[in-house]
Q: 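Sharing a structure with you now.
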Amino acid sequence: MTLTAGRSGLVGAGRVAGIDAEELATRFSTPLFVYDLDAVSARVDALRSALPSSFDLAFAVKANPLLAVLQHLRGLAVGADVASGGELRQVLRAGCDPARIVLTGPGKRDEELVAAVAAGIRVITVESRGELRRLAAIAEAAGRVQPVLLRLSAAADADAERVRIIGDAGAGKFGMDEADLRAAAAEAVASPWLEPWGVHAFGASNLLDAAVLAAHVSTTVQLAAQVAAHAGFALRLVDAGGGLGIGYRDDETPLDLASLGTGLTSIAQRLARDPTTAGTRVLLEPGRWLVGPAGAYVTRVVDRKRVGESEVAILDGGIHHVLRPVLVGQPHRVVAVTGEASRAPSAAVTLAGPLCTGLDVLARDVPLGGLAPGDLVAVLDVGAYGATESMPLFLSHAMPAEVVVRGGTAHLARPRLEPETWLDRHLGLPEPEVPPGS
């Protein structure tokens, strides 16, 4: 099954990823996450077809660290962008080739750097001169020369006005300004334990404008070439981050891969014409684009009521599993999978979850007024930043199962976890000591 970003091809006619929804709900209970791996394959193929041959892909594991998803992507020869020691262990467990793994992210602890160096991963992105020095000491202790990228702060990006920087560039928490970056490059060249490969710069999130994405890559490549020439090292790799977006509304125009490919091909040709950059590769770190539209969160209606002028359906799932609508203020599309509401639009209804907070609303005033208790609904585009961005411990509801579908067969990828799984880990107060002789 091939999916188009921002469209609901994953769910229809009582089925999710081609499988009867009630069958899935009965087998795995609700709520649950379902991921269509064949759709992921189609998206990888589509993106690769648009990219120049000198461009590489590393999946942003933070989007979905499920082992089955990582194994599937490894089978498609997609690399991995990890941002913690836990993610590094997970991709190695999935069988990912260390030569395809990059480590990024702020606040890397010494033990995480030690593990990355020991694993022999492709490259480590360095966020500050202090981190560079810590890494040099760790590499020396391991007797390994470690390839590094130097990360430019989004706040220092000369083209920041042309890209949508999230959270004011994280208030400067990511990367270095250009002066520090150039100084770090010189330090890396001088160190016998570090091998500078290039520059990393992430400047955008969930962009649908191919021209803006290509402009960011172009700016990053230009800066990296300047830094390498000035510091005196061969530019081997430029990491332009992710940012490839998906539409969360039906009226959004999907990212134009053909236009993106045209823009990136121009950059690749420019690199190839210069003898000093003819061997340079460019890395993209898509996460959301590859897996987002391939996922659905399936939940069941448990109650239906009218409160004043409002129609409300209460679901057995909510924002403890799909937090993004509240976190960033952008709701996902929700569709009826079974029941009357799945057959024809009707009056508006608000879909709310089971949590004891007024924030627990998955959708407001959607045309699903025919919903009744027992019906199934699906929140779309949760293959990325769904389960992994949730807060499942709130109110001690069960953690939903995660299911993958490949070749028309559903496989349990992570079982449903009942609250006892973590509540039984709590340690109570010790019994009070009884005074002697009492």
Side-chain angles (χ1 to χ4, degrees), residues 35 40 44 56-128 130-151 170 173-175 188 193-202 236-237 239-242 281 283-288 290-291 383-390 402 404 413-414:
Y35 311 116
V40 174
V44 170
D56 297 330
L57 294 178
F59 174 64
V61 174
K62 60 181 175 289
N64 190 329
L66 189 66
L67 182 63
V69 170
L70 300 180
Q71 289 173 324
H72 185 72
L73 288 166
R74 180 257 299 161
L76 300 174
V78 176
D81 160 40
V82 300
S84 72
E87 288 188 347
L88 175 60
R89 288 191 294 273
Q90 185 77 330
V91 297
L92 291 173
R93 181 184 172 207
C96 187
D97 181 354
R100 295 180 183 271
I101 300 172
V102 298
L103 174 63
T104 62
K108 293 185 280 292
R109 294 172 289 122
D110 281 358
E111 53 263 41
E112 293 173 313
L113 294 173
V114 167
V117 171
I121 69 171
R122 182 180 190 182
V123 70
I124 296 174
T125 287
V126 175
E127 298 268 340
S128 71
E131 186 174 89
L132 183 82
R133 292 163 189 161
R134 286 193 292 123
L135 179 57
I138 289 167
E140 180 178 9
R144 289 175 177 264
V145 177
Q146 177 59 51
V148 296
L149 295 178
L150 309 166
R151 183 166 183 176
K173 71 174 286 184
F174 299 106
W193 300 106
L194 299 176
E195 184 178 6
W197 276 18
V199 168
H200 175 188
F202 178 89
R236 296 185 57 175
L237 182 67
D239 186 342
R281 301 197 67 79
L283 181 67
L284 299 181
E285 300 169 353
R288 186 194 321 263
L290 292 180
V291 299
Y385 306 111
T388 189
E389 202 173 41
S390 65
E402 291 183 89
V404 296
R414 186 190 54 74

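The residues of the chain are indexed from 1 along the displayed sequence.
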Q: Taking it one step at a time, do V82 and V102 satisfy side chain to side chain contact (heavy atoms under 4.5 Å, CB included)?
A: CA-CA 6 Å; V82 300; V102 298; over 6 Å; no
Q: Is there a side chain to side chain contact (heavy atoms under 4.5 Å, CB included) between D239 and V123? Walk through the geometry before answering.
A: CA-CA 10 Å; D239 186 342; V123 70; over 6 Å; no
Q: Does the pair L284 and D56 meet the rule for a side chain to side chain contact (heavy atoms under 4.5 Å, CB included), with working shown?
A: CA-CA 6 Å; L284 299 181; D56 297 330; over 6 Å; no
Q: Do K62 and E389 sit within salt-bridge range, that is, some charged N less than 4.0 Å from a carboxylate O?
A: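 No salt bridge links K62 with E389.
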Q: Out of curiosity, R122 CZ to L237 CG, how far, rounded to the nearest 0.5 Å?
A: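 Here the interatomic distance stands at 5.0 Å.
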Q: Are D81 and V61 side-chain neighbours, meaning at least one heavy-atom pair lies under 4.5 Å?
A: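 Side chain of D81 against side chain of V61, heavy atoms only: no contact under 4.5 Å found.
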Q: Show the nearest heavy-atom pair for residues V117 and A142, with the distance to one decimal.
A: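 Distance-wise, the nearest heavy atoms are CG1-CB, 3.9 Å.
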Q: Measure the shortest side-chain to side-chain distance between E195 and V148 over non-hydrogen atoms and say whether it is less than 4.5 angstrom.
A: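 Counting from C-beta outward, E195 and V148 never come under 4.5 Å.
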Q: Under 3.5 Å, is there a donor-acceptor pair between the side chain of Q146 and the main chain of A136?
A: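 Flag not set: sc Q146 to bb A136 has no pair under 3.5 Å.
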Q: Please lay out, stage by stage, how V91 and F59 fare under the test side chain to side chain contact (heavy atoms under 4.5 Å, CB included).
A: CA-CA 10 Å; V91 297; F59 174 64; over 6 Å; no
Q: Give a yes or no on whether the backbone of V199 and the side-chain of R151 come within a donor-acceptor separation of less than 3.5 Å.
A: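 Absent.
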Q: I need the minimum non-hydrogen distance between L92 and A119, along with the two atoms involved.
A: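 Scanning both residues, the minimum pair turns out to be CD1-CB, 4.1 Å.
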Q: Using 0.5 Å steps for rounding, measure from the CG atom of L283 to the CD atom of E285.
A: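 Going from CG on L283 over to CD on E285, the span is 5.5 Å.
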Q: Decide yes or no for I124 and L149: does some side-chain heavy atom of the first lie under 4.5 Å from some side-chain heavy atom of the second?
A: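 They are not in contact (no side-chain heavy atoms under 4.5 Å apart), so the answer is no.
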Q: How far apart are the C-alpha atoms of E127 and K173, what are their side-chain angles, what is the distance that settles it, and do they pass the salt bridge (Lys or Arg N to Asp or Glu O under 4.0 Å) test?
A: CA-CA 9 Å; E127 298 268 340; K173 71 174 286 184; over 6 Å; no
Q: Kindly give the heavy-atom pair with the smallest separation between S84 and L103, and that separation in Å.
A: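 Shortest heavy-atom separation between S84 and L103 comes out as N-CD1, 4.1 Å.
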Q: Can a donor-acceptor pair be found, under 3.5 Å and without considering hydrogens, that links the side chain of Q71 to the backbone of A94?
A: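 No, the answer is negative, given that no donor and acceptor are paired below the 3.5 Å cut-off.
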Q: Search all heavy atoms of V291 against all heavy atoms of A384 and return the closest pair with its distance.
A: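 Minimum heavy-atom separation between V291 and A384: CG2-CB, 3.8 Å.
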Q: Any chance you could measure L67, atom CG, to E402, atom CD, to the nearest 0.5 Å?
A: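 Output value for this atom pair is 11.0 Å.
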Q: Is V404 close to H72 at the side-chain level, that is, under 4.5 Å between some pair of heavy atoms?
A: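 A side-chain contact under 4.5 Å is absent here.
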Q: Set out, in order, the CA-CA distance, both residues' side-chain angles and the distance that settles side-chain hydrogen bond (donor to acceptor under 3.5 Å, both in side chains) for N64 and T388, then state yes or no.
A: CA-CA 6 Å; N64 190 329; T388 189; over 6 Å; no
Q: Once rounded to the nearest 0.5 Å, what's the spacing between atom CG of L194 and atom CZ of R144?
A: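 One gets 14.0 Å once the value is rounded to the nearest 0.5 Å.
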Q: Kindly compute the distance separating CD (E131) from NZ (K108), expressed to the nearest 0.5 Å.
A: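 The NZ atom of K108 is 3.5 Å from CD of E131, to the nearest 0.5 Å.
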Q: If I compare all heavy atoms of A68 with all of A413, which pair ends up nearest, and what's the gap?
A: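 Closest pair (atom of A68, atom of A413, distance): CB-CB, 3.9 Å.
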Q: Would you name the heavy atoms of G241 and F202 that are closest together and state the gap between them?
A: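 That closest heavy-atom pairing would be CA-CD1, 3.8 Å.
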Q: Quick one: pull up CZ in F174 and NE2 in H200 and give me the separation to the nearest 0.5 Å.
A: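 Answer rounded to 0.5 Å: 10.0 Å.
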